[in-house]
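A short write-up of the structure that comes next.
Note that the structure is predicted; figures quoted are calculated from it, not measured. FYI, side chains are in, hydrogens and waters are out, and symmetry mates aren't considered; it's all heavy atoms of this structure. Counting starts at 1 for both ligands and their atoms, following the listed order.
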Amino acid sequence: MSQRRRTAILISGRGSNMAALLAAAADPAYPAEIALVLSNRADAAGLARAAEAGIPTVVVESRRFGKDRAGFEAAMEAELAAHGIGLIALAGFMRVLTEGFTRRWSGRMLNIHPSLLPAFPGLDTHAHALAAGVRLHGCTVHLVTPGVDEGPIVAQAAVPVLAGDTEETLAHRVLAEEHRLYPAALGWLASGRLRLQEGRAVVDPAPGPSGESLRNPG
Ligand code: GRF
């Protein structure tokens, strides 16, 4: 197969989506190679999981930079460059990125968000979904643009909201879908099937065994 795309996963915490991406990328046929896990917090639990899987990890502590977001991002860029990174997957990365950073990585950086965007951007999505009384909730993978949780939608998965749900039970149901959806979406990006068309994300059909499209163009 063609060269796997060297991908960094950026985390701040537990790293369950990171683990799902690592599991997918353990298959040599998966089009992304996870070449770096970068955390902005030294205490992120995901770092140990990544190290156990033999993935290079690095900490760029955002709090060391205070309000200097450009300095923080320059330090991250240096690590990304040193590891030859071409794609980024944000996975529970809790820092808002500057316009400059998002523009430099435009079309090459994905995020997963625990709601059916554009509903419930920002934090505490499960609490907001319960408070709004929606019957369907879910998760979204999107390309990252300067507006937080606003980039072109790549993939979504929905789950029912059930009577008696708490934030925890709902989060648990959504997270199972996140772990399924994110590896699929990163695979599309890494294999070149994901492109932007008039500001929307388009996923091209997978080529067949001999390279032809599986979808009948007629
Ligand atoms: C996930 O719910 C993800 O959608 C959101 O942050 C959470 C991270 O969880 N962006 P984990 O660290 O991947 O377990």
Side-chain angles (χ1 to χ4, degrees), residues 7-26 30 32 34 36-53 55 57-62 76 87-97 101-102 105 109-132 134 136-161 165-189 201:
T7 302
I9 305 176
L10 272 51
I11 64 168
S12 299
R14 140 188 91 172
S16 71
N17 278 288
M18 173 208 75
L21 295 175
L22 293 184
Y30 188 71
I34 309 306
L36 180 67
V37 169
L38 184 154
S39 173
N40 70 308
R41 297 178 57 125
D43 61 357
L47 286 168
R49 288 174 94 162
E52 270 165 37
I55 307 298
T57 62
V58 64
V59 176
V60 178
E61 261 193 303
S62 47
M76 286 206 299
L87 300 177
I88 294 176
L90 304 178
F93 185 69
M94 299 305 285
R95 302 299 293 187
V96 174
L97 296 163
F101 191 93
T102 58
W105 289 90
M109 178 160 57
L110 293 173
N111 181 43
I112 186 148
H113 181 77
S115 78
L116 292 172
L117 289 171
F120 316 127
L123 299 174
D124 301 324
T125 56
H126 308 306
H128 289 304
L130 289 172
V134 293
L136 285 175
H137 185 43
C139 55
T140 302
V141 176
H142 64 94
L143 285 158
V144 180
T145 53
V148 174
D149 300 329
E150 281 178 4
I153 291 170
V154 174
Q156 294 186 302
V159 302
V161 180
D165 260 339
T166 62
E167 275 184 66
E168 289 69 34
T169 58
L170 189 52
H172 187 256
R173 196 173 306 123
V174 171
L175 203 58
E177 291 303 310
E178 295 186 35
H179 297 163
R180 198 180 55 76
L181 197 65
Y182 210 2
L186 177 61
W188 298 335
L189 178 64

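Here CG of N40 is found 8.0 Å from CG of L10. Values are rounded to the nearest 0.5 Å. Here OG of S62 is found 6.5 Å from CZ of F93. Values are rounded to the nearest 0.5 Å. The structure places CG of L47 at 10.0 Å from OG of S12, a figure rounded to the nearest 0.5 Å.
Aromatic ring pairs are classed by plane angle as parallel below 30°, tilted from 30° to 60° and perpendicular above 60°; the pair H126 and H137 is perpendicular.
By the 4.0 Å N-to-carboxylate-O rule, E177 lies close enough to R180 to be salt-bridged with it.
The single protein non-hydrogen atom nearest to atom 11 (P) of ligand 1 is S16 N, 3.4 Å, given as residue, atom name and distance. From the protein, the heavy atom lying nearest to atom 10 (N) of ligand 1 is I112 O, 2.9 Å. Remark: minimum distance from atom 4 (O) of ligand 1 to any protein heavy atom is reached at E178 OE1, 2.7 Å. Counting protein heavy atoms only, atom 13 (O) of ligand 1 is closest to N17 N, 2.8 Å. Considering only non-hydrogen protein atoms, atom 9 (O) of ligand 1 sits nearest to R14 NH2, 3.1 Å.
Not a single N or O atom of N111, backbone or side chain, sits closer than 3.5 Å to an N or O atom of ligand 1.
Between F101 and I88, the closest side-chain pair of non-hydrogen atoms falls below 4.5 Å.
Atoms of ligand 1 found under 4.0 Å from any heavy atom of P114 (numbered from 1 in listed order, with element): 2 (O), 4 (O), 5 (C).
Of all the listed residues (A44, G15, G92, S115), G15 holds the heavy atom that lies closest to atom 12 (O) of ligand 1.
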